[in-house]
Amino acid sequence: MRFDILTLFPQMFEGPMKESILGRAINQGLIEVHTHNIRDWGLGRHKQVDDYPYGGGAGMVFRPEAVFGAIEEGLGVKLGSAEEPAPPPDFPILLMSPQGQVFDQAMAQELAAYPRLALVCGHYEGLDERIVQHAITREVSIGDFVLTGGELAAMVIVDAVARLVPEVLAEESPGEESHTRPLLEYPHYTRPATFRGWGVPEILVSGHHGKVADWRFKEALRRTIKRRPDLLVKLELQLDKKERKLLEQVLGEEESQGHS
Ligand code: ADE
């Protein structure tokens with residue numbers, strides 16, 4: 001899978017893309033990450049990319065020329081004009097923006113199905129709306145907070161999408177963890193069996209695989225009920241008969257402890 005990142009700060013991506021799982025995936029040729037410096041398409045001697053907002057007000061706004069140039073020349077995508085509208089590009093061009101649809105695991109899965117994605121990192125007060133209307137496929141936010149720019153958001157999305165690309169994760173299958181189902185993960189324990197006097201749940205060292213699986217599922221439910229009750233409605237629709245029974249047990253236990 002190929003990621004193209006349009007940014008004023010390509011160096012921000014150098015560290016994160018070299019390390020750990022993403023670094024290995026790039027070395028193995030499973031993913032490619034190409035950065036394009038929007039300033040290379042800036043105007044004049046100063047490579048200007050921004051300007052004052054029409055109508056006044058604080059902050060600067062990305063001018064359309066440089067971003068259109070970066071998309072057309074950097075990505076090889078033909079963009080249109082008022083007279084000659086262009087067909088949609090072959091791959092999504094995402095704009096990182098707090099105005100966008102909020103990114104989640106379902107969107108990560110949807111995006112991972114494309115062989116190529118472009119991510120445009122905004123800055124300043126925003127982008128001239130003609131860029132958003134005529135060059136961007138979709139606006140994406142990583143949450144209801146405002147970052148200084150789109151770069152960290154782009155890294156989050158590249159990370160979450162790349163790990164769904166086949167073979168990027170060496171061991172774990174991404175299907176089994178938090179948010180593939182709307183269920184938080186159960187707590188994990190490893191050695192030592194006692195650390196500073198704190199033990200581990202007896203059941204985990206019992207060697208009884210069936211009981212361990214039930215305990216884990218119930219702890220996952222307990223966490224979800226306590227921390228993310230908003231996920232429960234969606235989750236309940238996906239439970240089989242046995243899981244439903246375990247949910248009822250947990251709800252009963254929580255209520256009898258007065259936590260519910
Ligand atoms: N740029 C600034 N804030 C952002 C956010 N929350 N998500 C994506 N891009 C952003």
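Side chains are part of it too, since the values below use all heavy atoms of this structure and drop only hydrogens, waters and symmetry mates. Counting convention: from 1, in listed order, for ligands and their atoms alike.
- Taking all heavy atoms of L147, T148, I142 into account, the minimum distance to atom 3 (N) of ligand 1 is reached by L147.
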**OP:** Check the pair F9, H123 against ring-ring contact (aromatic ring centres under 6.0 Å, His included), reporting the backbone distance first and the verdict last.
**Re:** CA-CA 10 Å; F9 303 99; H123 259 272; 5.0 Å; yes
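- Between G150 and ligand 1, no pair of N/O atoms sits closer than 3.5 Å.
- The atoms of ligand 1 that sit less than 4.0 Å from any heavy atom of A153 are 8 (C), 9 (N).
- At under 3.5 Å, not a single nitrogen or oxygen of V146, backbone or side chain, sits near a nitrogen or oxygen of ligand 1.
- Residues E185 and R216 are not paired through a salt bridge, judged by the lack of any N-O separation under 4.0 Å between the basic side chain and the carboxylate.
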**OP:** Would you sort out whether D128 and R130 count as a salt bridge (charged side-chain N to carboxylate O under 4.0 Å, His left out), showing the intermediate values?
**Re:** CA-CA 5 Å; D128 185 290; R130 290 166 292 186; 2.8 Å; yes
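- A 4.5 Å side-chain heavy-atom check between L184 and R227 finds at least one atom pair inside the cut-off.
- Side-chain contact between L6 and L75 is present, with heavy atoms from C-beta onward closer than 4.5 Å.
- Every atom of ligand 1 with a heavy atom of G143 under 4.0 Å away is listed here by number and element: 6 (N).
- The hydrophobic clustering, which links ILVMFWY residues whose side-chain heavy atoms are closer than 4.5 Å, places V165 and L169 together.
- Looking only at heavy atoms of the protein, atom 10 (C) of ligand 1 is closest to P98 CD, 3.6 Å.
- Considering backbone and side-chain N/O atoms, V140 never comes within less than 3.5 Å of an N/O atom of ligand 1.
- The nearest heavy-atom contact from the protein to atom 6 (N) of ligand 1 is F145 O, 2.8 Å.
- Distances from ligand 1 to the non-hydrogen atoms of S97 include at least one value under 4.0 Å.
- At a cut-off of 3.5 Å, with distance as the only test, a side-chain donor of E73 or W41 sits close to an acceptor on the other residue.
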